[in-house]
Amino acid sequence: MSKDEERHSVSKMSSSLKENLLDRMRNTHQSSEKNRMARSERDIPPPVRRKQTRFDDLPEYKQVLTQKAASEQLGIANPFYRAHQTAAGATTVIDGRKLINFASYDYLGLNRHPHVLSQARDTINAFGISASASRLVAGERPAHAELEERIAAFYGVEASVCFVSGYLTNVAAISCLMGPNDLVVHDEFIHNSALAGIKLSGATRRLFKHNDASDLEHVLRTVAGDYRHILVIVEGIYSMDGDIANLPAIMKLKAEYGFWLMVDEAHSLGILGRRGRGTFEHFGIDPREVDIWMGTLSKTTSSCGGYIAGSAALAAILKASAGGFVYSVGLAPVLTASAIASLDILESEPERAAALKRNGALFLKLAQEAGLDTGLSGGFSVVPVLVGDSLRAVQLSNDLHAAGVNALPIIHPAVPEGMARLRFFITSEHTPEQIRQTVTLTAEKLKDLTERNFGLASIDIQQMMKMLASR
């Protein structure tokens with residue numbers, strides 16, 4: 001056989017193998033598709049002609065336009081998406097102006113710490129930027145295992161798993177562990193990412209009154225249905241209100257009702273406890289008694305991503321079955337190294353957590369003395385100033401920005417109308433003078449807006465409707 005004939009024979013054989021493989025794949029797909037079609041064809045109604053909905057006609061878009069029209073009528077500038085021109089910490093630069101900054105998560109001032117930057121540079125030189133694949137396939141790097149070991153050791157548990165996004169961590173973990181035969185009970189103010197994970201899981205969902213262990217017990221006692229698993233979700237420090245979950249009371253219920261407990265530590269790691277180890281250290285609880293510790297890497301550890309910590313079995317399940325881990329690219333090596341470096345500093349410099357506690361307590365004390373409504377905040381990493389009216393909250397943010405302070409509003413629909421607020425993120429790097437100046441300005445600007453009755457009540461509804469109609 002000549003070489004040409006041999007190549008032709010090999011090519012023909014390869015083509016035949018490909019066709020056989022495609023046929024097997026199609027048969028498998030068609031078999032499941034036939035079953036699906038057979039189920040869907042039972043009692044098929046007559047076809048209905050549908051008119052495609054335009055995105056412009058969706059109520060969500062109408063709401064955006066309504067908010068925009070109301071802002072335009074009152075001359076309120078949009079405070080969102082302002083670009084920072086430097087690394088944002090206790091101060092930042094926007095539009096060439098240096099501002100006191102209370103809108104960033106850099107709780108312990110590690111974003112530009114020399115050790116973090118040095119580790120980041122070394123990692124970029126060695127590994128580039130991206131992991132370039134899911135960790136399961138080819139994206140695993142030595143730093144991934146190191147970070148997971150460090151997080152597990154920090155919590156005093158067996159293992160941890162890291163994800164590329166904090167939001168994705170909740171979505172992937174909850175939807176992996178829970179299913180249609182399960183029940184999830186959560187605090188009414190739980191983060192949106194947990195709600196998304198519950199929805200994706202198909203589990204039954206119940207909520208209990210915010211930080212109310214008695215109401216949680218009432219829900220658990222009155223649960224109807226034979227559920228396979230029950231999961232209760234709380235936050236260590238609540239991201240909108242700044243108060244702490246009543247973990248001791250919840251642990252007592254856990255012993256009685258036998259549920260899994262998940263604690264979201266996004267705003268607690270590096271903040272609570274004598275050495276910043278989180279909610280369990282704050283209350284003196286054995287961390288192994290909590291089934292699932294969840295947290296983010298974008299705050300105290302000045303990186304990006306999220307983690308789940310707990311038993312070795314939990315970590316194994318998530319690495320094998322959580323779609324957000326299996327099918328997502330691995331955490332960028334430089335971000336992994338930055339998180340490890342941040343943990344180095346958190347462990348070696350506990351004075352940073354102590355400084356944050358002093359600053360949080362000072363902000364809360366001065367704000368309350370100034371007559372500002374700080375809601376439920378315990379004066380840790382998050383202190384809200386409740387304004388009520390969404391438009392008034394936005395204008396207060398703009399007035400503070402003009403006066404040299406960057407603090408962003410949280411408005412409807414992120415919070416119910418009437419509960420709008422400015423949310424102040426406290427860091428260890430803020431000076432007492434920056435805190436005093438900010439509280440004084442906030443009280444003065446809010447008083448002025450209140451006396452002028454600035455907000456929703458001052459809108460001319462007819463004029464706004466005309467503006468909407470003309471768009």
**Backbone of Leu195 reached by a side-chain donor or acceptor of Arg205 within 3.5 Å** = no
**Prompt:** Just checking, any donor-acceptor pair under 3.5 angstrom between side chains of Tyr238 and Asp187?
**Reply:** yes
**Request:** Look at the side chain of Arg423 and the backbone N and O of Ser239, then say whether any donor-acceptor pair between them is shorter than 3.5 Å.
**Result:** yes
**Request:** Output the distance between atom CD (Glu265) and atom CD (Glu235), rounded to the nearest 0.5 Å.
**Result:** 10.0 Å
**Prompt:** Between the side chains of Asn101 and Thr92, does any donor sit under 3.5 Å from an acceptor?
**Reply:** no
**Request:** Give a yes or no on whether the backbone of Ile237 and the side-chain of Ser268 come within a donor-acceptor separation of less than 3.5 Å.
**Result:** yes
**Prompt:** Does Ala172 offer a backbone N or O that forms a donor-acceptor pair with the side chain of Ser175 under 3.5 Å?
**Reply:** yes
**Message:** I'd like to know if the side chain of His115 pairs up with that of Ser118 as donor and acceptor (distance under 3.5 Å, no hydrogens or angles considered).
**Reply:** no
**For the student: nearest non-hydrogen atoms of Ala103 and Ala407, plus distance** = CB-CA, 4.5 Å
**Complete:** CZ of Arg112 to CG of Leu117, rounded to nearest 0.5 Å, is 5.5 Å
**Message:** To check you understand the geometry: which heavy-atom pair defines the closest contact between Asp106 and Thr427, and what is its length?
**Reply:** O-CG2, 3.4 Å
**Prompt:** Within a reach of under 6.0 Å around CZ of Phe55, are more than 12 heavy atoms found that belong to other residues, nucleotides or ligands?
**Reply:** no
**Passing candidate, side-chain contact (heavy atoms from CB on, under 4.5 Å) with His84, options Asp95, Ile94, Leu99** = Ile94
**Request:** Enter the distance from Thr336:OG1 to Leu147:CG here, rounded to the nearest 0.5 Å.
**Result:** 6.0 Å
**Request:** Find out whether His430 and Thr438 are in side-chain contact, i.e. whether some heavy atom of one side chain is under 4.5 Å from a heavy atom of the other.
**Result:** no
**Message:** Measuring only between side-chain heavy atoms, which start at C-beta, is Leu183 closer than 4.5 Å to Arg206?
**Reply:** yes
**Prompt:** Is there a donor-acceptor contact under 3.5 Å from the side chain of Thr300 to the main chain of Leu269?
**Reply:** yes
**Request:** Taking Asn125 for its side chain and Asp122 for its backbone only, find out whether a donor-acceptor pair lies under 3.5 Å.
**Result:** no
**Prompt:** Within the side chain of Arg421, is there an N or O that forms a donor-acceptor pair under 3.5 Å with the backbone of Ala393?
**Reply:** no
**Message:** What I'd like to find out is whether the side chain of Ser132 reaches to under 4.5 Å of the side chain of Val329, using heavy atoms alone.
**Reply:** no
**Side chain to side chain, Tyr167 and Asn192, heavy atoms closer than 4.5 Å** = yes
**Message:** Test of understanding: with salt bridge (charged side-chain N to carboxylate O under 4.0 Å, His left out), list the residues that count as partners of Glu349, not counting sequence neighbours.
**Reply:** Arg352
**Item:** Option from Phe363, Phe425, Tyr107 for which ring-ring contact (aromatic ring centres under 6.0 Å, His included) with Phe102 holds
**Value:** Phe363
**Prompt:** Can any side-chain N or O of Asp56 pair as donor or acceptor with the backbone N or O of Tyr61 at less than 3.5 Å?
**Reply:** no
Show me the donor-acceptor pairs within less than 3.5 Å that the side chains of residues 303-316 make with the rest of the protein, sequence neighbours left out.
unit_1	atom_1	unit_2	atom_2	d
Ser303	OG	Leu335	O	2.7
Tyr307	OH	Tyr155	OH	2.6
Ser311	OG	Leu314	N	3.0

**Prompt:** What is the distance from atom CG of Asp399 to atom CZ of Arg392, rounded to the nearest 0.5 Å?
**Reply:** 12.0 Å
**Asked** When rounded to the nearest 0.5 angstrom, what is the spacing between CD1 in Ile100 and CG in Asn406?
**Response** 10.5 Å
**Message:** Could you tell me if the side chain of Ile198 sits less than 4.5 Å from the side chain of Ile233, heavy atoms only?
**Reply:** yes
**Request:** Determine yes or no for a side-chain-to-main-chain donor-acceptor pair under 3.5 angstrom, with Ser338 supplying the side chain and Val116 the backbone.
**Result:** no
**Prompt:** How close do Ser201 and Ile174 get, heavy atom to heavy atom, and via which atoms?
**Reply:** CB-O, 3.9 Å
**Prompt:** Backbone N or O of Gly273 within a donor-acceptor pair of the Lys357 side chain at under 3.5 Å?
**Reply:** yes
**Prompt:** Are any of the side-chain nitrogens in Arg135 or Glu148 under 4.0 Å away from the carboxylate oxygens of its partner?
**Reply:** yes
**Item:** Asp241 versus His210, side-chain donor and acceptor atoms under 3.5 Å
**Value:** no
**Request:** Check whether any side-chain heavy atom of Pro142 sits under 4.5 Å from a side-chain heavy atom of Phe127, and report yes or no.
**Result:** yes
**Asked** Which pair of non-hydrogen atoms, one from Ala88 and one from Ser104, has the smallest distance, and what is that distance?
**Response** CB-OG, 3.4 Å
**Prompt:** Can a salt bridge be assigned to the pair Arg288 and Asp286 using a cut-off of 4.0 Å between side-chain N and carboxylate O?
**Reply:** yes
**Message:** What's the separation between atom NE2 in His186 and atom CG in Leu231, rounded to the nearest 0.5 Å?
**Reply:** 10.5 Å
**Message:** Testing the basics here: between Ser342 and Thr301, what is the closest heavy-atom pair and its distance to 0.1 Å?
**Reply:** OG-O, 2.9 Å
**Where Glu417 and Ser390 come nearest, the two heavy atoms and their spacing** = OE1-OG, 3.0 Å
**Prompt:** With a 4.5 Å limit on heavy-atom distance, are the side chains of Ser302 and His113 in contact?
**Reply:** no
**Prompt:** With side chains defined as the heavy atoms from C-beta onward, is the minimum distance between Leu108 and Ile345 less than 4.5 Å?
**Reply:** no
